[in-house]
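Just below is one structure, and these are the notes that go with it.
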Amino acid sequence: MPELPEVETVVRDLRPRLVGRRMGSVICGPKPLRRRWQRAWGRQLPGRRVVSAARRGKWILLGLDDGAVLAFHLGMTGRLQVQPRSTPLPRHTHLRIGLDNDHELRFRDIRRFGAAVRFAHADELEAFFRTARLGPEPFDLTAADWRQRLARTRRCVKAVLLDQRMVAGVGNIYADEALFEARLHPACRARDVSAAAAERLRRAVVTVLRRAIDRRGSSIRDYVGGLGQPGAYQDEFRVYGRVGQPCLRCRAPIARIRLAGRSTHFCPRCQPAGHPGEVPTHHRPMARRRGVKSATVG
DNA sequence: ACAGGATCCTGGGGGC
DNA sequence: TGCCCCCAGGATCCTG
């Protein structure tokens, strides 16, 4: 679930509570975390001091005083929190790292799509991101680079936004919100998007992410920040999760379709299929077998 | 190469 | 109440 704004919020919450702290005992839960975490890593952590807390895409990066980096990905349901050791341990807590102040860093993840990885050096981390071809941060993405990236694919813009190799940190919520902001139909082929629309989209992504960071991210069901508080941006969604409800700009009912395997929300009137030079492709109604209401037919 | 679908997990909600 | 199906802030395989 957590996308860039949620991850950024967690990092900002954790930074003052982790940086300067020394790590103690490490306790792993019985179930593996996408097989990334290696039990042996637990032995390398005690005694190390946290020197930095940062974010790259949807990754949380804790720099240690031996040059190693402890990286966390929250997947769909991951939570990374600093809590007093006395706080009751919730279910699905997979990793606990003691701190030198009666608190501990707890990684909890119901669905276990998340990951924890120890990189021995910053070089290893860089190699990892290179291998994954992790794209640029949205805030660093230049207009020219973005235009070229869009021009090189036949996929629809929604799929492009979700692809971490194209731009890092955007997920399903903010892809939909940014496309609404840019007034672009999510099914538009990326390569057919005009230069003007591409630039609108690039700016919309930045705008929406900044707004969401200001509101400490979106909490729909599982997400909380590094101190356990929910975010508030869900109250400002223009399209995400608003199927059938009136568009806040034009009152037309918000539609939902499935694109790139994900629920996709948009306003059929504000995000028309037929912008000049922007030809939307395939899109099927969400409705499956069981009378699930198809949003497109209010 | 490329795009879509299945898959990994667990839990919640709705329909019957 | 119970069962079954669908759904979910993600990413990675596999297939055609």
Side-chain angles (χ1 to χ4, degrees), chain A residues 1-10 29-36 55 57-60 71-80 90-94 108-117 128-129 131-135 149-178 187 189-191 208-209 212-213 215-225 230-234 236-237 239-241 243 256-265 281-295:
Chain A
M1 76 25 102
E3 305 179 31
L4 187 153
E6 290 76 31
V7 175
E8 178 66 25
T9 302
V10 169
K31 293 184 174 175
L33 244 21
R34 271 258 286 288
R35 296 172 218 81
R36 281 208 198 278
R55 179 192 59 73
K58 298 175 189 172
W59 287 90
I60 295 164
F72 293 91
H73 194 292
L74 301 181
M76 289 278 254
T77 53
R79 291 181 175 192
L80 193 62
R91 288 186 65 191
H92 308 295
T93 300
H94 306 298
R108 178 180 182 231
D109 184 1
I110 294 173
R111 291 174 74 180
R112 278 187 289 134
F113 288 175
V117 195
F128 175 73
F129 285 150
T131 304
R133 292 195 286 155
L134 186 63
R149 285 168 186 270
L150 292 180
R152 270 182 273 144
T153 178
R154 307 162 59 95
R155 302 149 87 192
C156 63
V157 282
K158 170 67 183 271
V160 167
L161 286 172
L162 291 178
D163 186 344
Q164 302 300 296
R165 296 169 302 186
M166 300 288 272
V167 58
V170 179
N172 206 35
I173 291 179
Y174 300 108
D176 285 3
E177 293 295 317
R189 267 183 201 272
R191 58 147 65 150
V208 164
L209 293 176
I213 291 171
R215 308 290 262 118
R216 298 180 48 83
S218 308
S219 291
I220 295 171
R221 59 170 20 106
D222 297 291
Y223 168 74
V224 294
Y233 194 68
Q234 67 279 3
E236 296 181 29
F237 288 167
V239 289
Y240 187 84
V243 200
R256 183 172 63 154
I257 59 176
R258 186 166 288 270
L259 282 179
R262 314 296 299 278
S263 245
T264 300
H265 314 73
T281 53
H282 47 272
H283 52 280
R284 282 168 251 122
M286 275 287 289
R288 301 286 196 136
R289 325 170 34 205
R290 254 205 145 47
V292 178
K293 49 229 131 194
S294 161

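Every value quoted in this text rests on a predicted model; they were computed, and no experiment measured them. Here is the naming used below: chain letters follow the sequence lines, and residue numbers restart at 1 for every chain.
- C:dT12 sits 24 Å from B:dG11 when the P atoms are compared, rounded to a whole Å.
- Taking 3.5 Å as the limit, the base of C:dA8 and the side chain of A:Arg111 contain a donor-acceptor pair of atoms between them.
- Inter-residue side-chain proximity for A:Ile110 and A:Asp222 is flagged as met; some heavy-atom pair is nearer than 4.5 Å.
- Side chain of A:His94 to backbone of A:His92: a donor-acceptor contact under 3.5 angstrom is found.
- OP1 or OP2 of B:dT10 has not a single side-chain nitrogen or oxygen of A:Thr77 nearer than 4.0 Å.
- By the side-chain contact (heavy atoms from CB on, under 4.5 Å) test, A:Arg79 is found to be paired with A:Gln81, A:Arg108, A:Val224, residues two or more places apart in sequence or in another chain being considered.
- In this structure, the salt bridge (charged side-chain N to carboxylate O under 4.0 Å, His left out) partners of A:Arg149, at least two apart in sequence or on a different chain, are A:Asp145.
- The side chain of A:Glu3 lies closest to C:dG10 when the candidates are B:dG12, C:dG10, B:dT10.
- Counting non-hydrogen atoms under 4.0 angstrom, A:Arg79 reaches nothing in the nucleic acid.
- When the P atom is compared between C:dG10 and B:dA1, the two are found 26 Å apart, to the nearest whole Å.
- Nucleotide B:dC2 holds its P atom 10 Å from the CZ atom of A:Arg152, rounded to whole Å.
- Among the protein residues, A:Ile220 comes within range of the nucleic acid bases, having at least one heavy atom under 4.0 Å from a base atom.
- With C:dC7, B:dT10, B:dA3 as the candidates, the nucleotide lying closest to the side chain of A:Arg256 is C:dC7.
- Considering only residues two or more places apart in sequence or on other chains, A:Thr153 meets the side-chain contact (heavy atoms from CB on, under 4.5 Å) condition with A:Arg155, A:Val160, A:Met166, A:Ala190.
- Looking at A:Gln164, its side chain does come within 3.5 Å of a backbone N or O of A:Val170 through a donor-acceptor pair.
- Qualifying side-chain contact (heavy atoms from CB on, under 4.5 Å) partners for A:Arg215, counting only residues two or more places apart in sequence or in other chains: A:Ala232, A:Tyr233, A:Glu236.
- Rounded to whole Å, atom P of C:dA8 lies 16 Å from atom OH of A:Tyr174.
- One can place CZ of A:Arg165 at 11 Å from P of B:dA1, the figure rounded to the nearest angstrom.
- Residues satisfying the side-chain contact (heavy atoms from CB on, under 4.5 Å) test with A:His265, not counting sequence neighbours, are A:Asp176, A:Val239, A:Tyr240, A:Val243, A:Ile254, A:Arg256, A:Ser263.
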Handout entry: Dot-bracket summary - DNA chain B, pairs being Watson-Crick or G-U whose distances fall under 3.5 Å, with | when paired to another strand
Key = .|||||||.|||||||
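- The side chain of A:Arg155 approaches B:dC2 more closely than any other nucleotide in the set C:dC7, B:dC2, B:dG11.
- For the pair A:Leu33 CG and C:dG10 C1', the interatomic distance rounds to 14 Å; values are reported in whole Å.
- For the pair A:His94 NE2 and B:dT10 C1', the interatomic distance rounds to 10 Å; values are reported in whole Å.
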Exercise for the section: Using a 4.0 Å cut-off on protein heavy atoms (strictly under), produce a 5'-to-3' string for nucleotides 11-16 of chain C with B for base contact, S for backbone-only sugar-phosphate contact, and - for none. Expected result: S-----
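- Applying the salt bridge (charged side-chain N to carboxylate O under 4.0 Å, His left out) test to A:Arg165 and every residue at least two apart in sequence or in another chain returns A:Asp163.
- In this view, A:Arg112 satisfies the salt bridge (charged side-chain N to carboxylate O under 4.0 Å, His left out) rule with no residue, not counting sequence neighbours.
- A straight line from CG of A:Leu74 to P of B:dT10 spans 18 Å, rounded to a whole angstrom.
- Nucleotides C:dC5 and B:dA6 are separated by 16 Å at their P atoms, to the nearest Å.
- Side chain A:Arg112 to base B:dC9: no donor-acceptor pair is found below 3.5 Å.
- A:Arg189 has its CZ atom 9 Å from the P atom of B:dA3, to the nearest Å.
- A:His92 has no side-chain polar atom (N or O) that falls below the 4.0 Å cut-off from OP1 or OP2 of B:dC9.
- Per the geometry, CG belonging to A:Asp163 stands 14 Å off P belonging to B:dA1, to the nearest Å.
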